[in-house]
Amino acid sequence: MRCRCPFCDKKVVQVRNLSGPNFCPHCHKLFNAPLPEKMPTWIWGVLVVLVGNLQLGM
């Protein structure tokens, strides 16, 4: 997991703790890791258009 600590804003790189809060080694506070971001829907639309153009061009 790579994220920023919400308290000290330093980068935290460690294994994600799925059963509870994570520990910041810089400020020594516990925090909940942010949820992983989903891929934006507009990227899927661009991919569909590109694949469609590829299929029509062949």
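Atoms considered below: every heavy atom in the structure, side chains included; atoms not considered: hydrogens, waters and symmetry mates. Quick caveat: nothing in here was measured; it's all calculated off a predicted structure.
- Note that the SG atom of Cys5 and the NZ atom of Lys10 stand 10.0 Å from one another [nearest 0.5 Å].
- No path of Ile, Leu, Val, Met, Phe, Trp and Tyr side chains, each step under 4.5 Å between heavy atoms, connects Val46 with Leu54, placing them in separate hydrophobic clusters.
- Residue Arg2 places its CZ atom among 12 or fewer non-hydrogen atoms of other residues, nucleotides or ligands, all under 6.0 Å distant.
- The shortest side-chain heavy-atom distance between Phe31 and Val12 falls under the 4.5 Å cut-off.
- The structure places CE of Met39 at 7.0 Å from CG of Leu47, a figure rounded to the nearest 0.5 Å.
- Although no hydrogens or angles enter the test, the distance criterion places a donor-acceptor pair under 3.5 Å between the side chain of Asn22 and the main chain of Asn17.
- Annotation for His26 and Cys8: closest pair CB-SG, 4.1 Å, computed over non-hydrogen atoms.
- Gln14 places a side-chain N or O within 3.5 Å of a backbone atom of Phe23 that can act as its donor or acceptor partner.
- Leu50 and Ile43 end up in the same hydrophobic cluster when Ile, Leu, Val, Met, Phe, Trp and Tyr side chains are linked at under 4.5 Å.
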